[in-house]
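Heads up, the thing below is written out as structure tokens.
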Amino acid sequence: MTQALAPYAVTDLNSRGRAQAEEAPATRSEFQRDRDRIIHCTAFRRLEYKTQVFVNHEGDLFRTRLTHSIEVAQIGRSLARSLRLNEDLVEAISLSHDLGHTPFGHAGQDALNDCMKPHGGFEHNLQSLRIVDQLEEHYASFDGLNLMYETREGILKHCSLPNAQRLGELGRRFIERRQPSLEAQLCNFADSIAYNNHDVDDGLRAGLITLEQLEGVQAFARHCADVRARYPDLGERRLIHETVRRMINAQAVDLIERSREHIRAAGVETLADVNAAPALVGFSDAMQAELLELQRFLRDQFYWHYQVLREMTKARRVIVDLFDAFMSDPRLLPPQHQRLAGEDKPRAIADYIAGMTDRYAMKEHRRLFSFADGR
Ligand code: MG
């Protein structure tokens with residue numbers, strides 16, 4: 001069943017278009033074209049070997065940034081369809097939202113940000129934008145992917161004020177505190193629905209958190225009790241999956257219902273109304289409280305688990321060592337990165353490191369710091 005888009009949805013017609021004018025695609029919408037360009041770019045393929053929580057070599061069953069991005073796109077598309085928003089735009093933003101992540105997840109990002117503090121800092125949202133605006137080398141007549149304005153707006157989820165000022169038009173909403181499209185707002189929630197729930201699943205699978213612990217967390221416990229009541233003899237793997245899928249569904253339904261109410265109450269009729277209104281996509285207060293409890297649990301018991309922290313400490317050391325080595329002697333960089341370092345050394349080094357996969361960063365570290373790994 002295809003419904004017409006809501007009047008305040010982003011479309012090819014009300015979009016602010018591309019920085020470089022291009023002929024309209026023959027058979028696709030502009031935002032389908034964006035989605036396709038993202039899937040074919042180099043940074044997208046690298047997501048397969050970048051950490052979500054676990055370092056990439058730890059196991060084949062855990063989420064990577066690639067599977068995370070696909071899950072965000074799946075959740076985002078269903079939310080968008082229910083709210084009659086532009087599914088193609090939501091898919092494009094979801095698939096590209098993590099392109100700028102460093103190797104080793106947040107530990108890598110924090111380490112690179114510390115290294116870059118004296119040189120303008122490092123923000124992964126801004127790096128995602130830098131990739132699609134400048135760094136990808138695929139097209140004859142422009143750098144980057146020349147994406148639609150609203151896709152780029154959605155990719156830039158957060159931005160510090162100094163960086164917002166440098167960005168011009170795209171940064172203005174952070175200064176003026178205006179909202180992005182509903183599609184962009186929705187992607188942030190699809191992202192958190194995806195990672196909160198798959199981190200429960202991955203944490204259990206890794207044995208770092210337990211069912212008993214989670215039965216003290218409301219967001220999990222109430223669905224788990226439901227499943228046990230209906231299927232008393234269910235094995236643990238199926239029990240977990242049935243619980244997690246109910247959690248995702250409950251969060252999605254809550255988000256759709258509350259957002260629909262907010263949109264109706266705000267009386268928005270156009271995209272410009274959406275930009276001027278307060279944020280309209282969101283959970284109910286009860287769901288928000290439940291999710292806060294879940295997030296605290298995940299932080300304390302999973303992200304700060306001593307085994308995870310040990311991996312993250314090693315990851316941090318790899319990033320800092322690489323950065324320091326290249327800064328003190330840029331001749332250690334591969335030739336194409338040496339050329340770029342001639343213009344802005346710290347930024348070129350940050351681009352090189354941020355583009356690495358987990359395993360490439362570890363290999364590069366061995367190549368620089370150990371004789372055992374040769375060239
Ligand atoms: Mg994400």
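Computed over heavy atoms, backbone and side chain alike; hydrogens, waters and symmetry mates excluded. Atoms within each ligand, like the ligands themselves, are counted from 1 in listed order. As the structure is a prediction and not an experimental result, all values here were calculated from the model.
The local environment of CG in Asp329 is crowded, with over 12 non-hydrogen atoms from other residues, nucleotides or ligands closer than 6.0 Å.
Coordination check, His97 versus the Mg ion (ligand 1): passed, since an N/O/S atom of the residue sits under 2.8 Å.
Restricting Asp191 to its N, O or S atoms, the one at the least distance from the Mg ion (ligand 1) is OD1. Within His68, the N, O or S atom lying nearest to the Mg ion (ligand 1) carries the name NE2. Counting just the N/O/S atoms of Asp98, the one with the shortest distance to the Mg ion (ligand 1) is named OD2.
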| Steps toward ring-ring contact (aromatic ring centres under 6.0 Å, His included) verdict (His97, His68) | CA-CA 10 Å; His97 82 287; His68 164 67; 5.2 Å; yes
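Between the side chains of Glu136 and His138, at least one donor N or O sits under 3.5 Å from an acceptor N or O.
For Gln301, the side-chain hydrogen bond (donor to acceptor under 3.5 Å, both in side chains) test picks out Gln213, with sequence neighbours left out.
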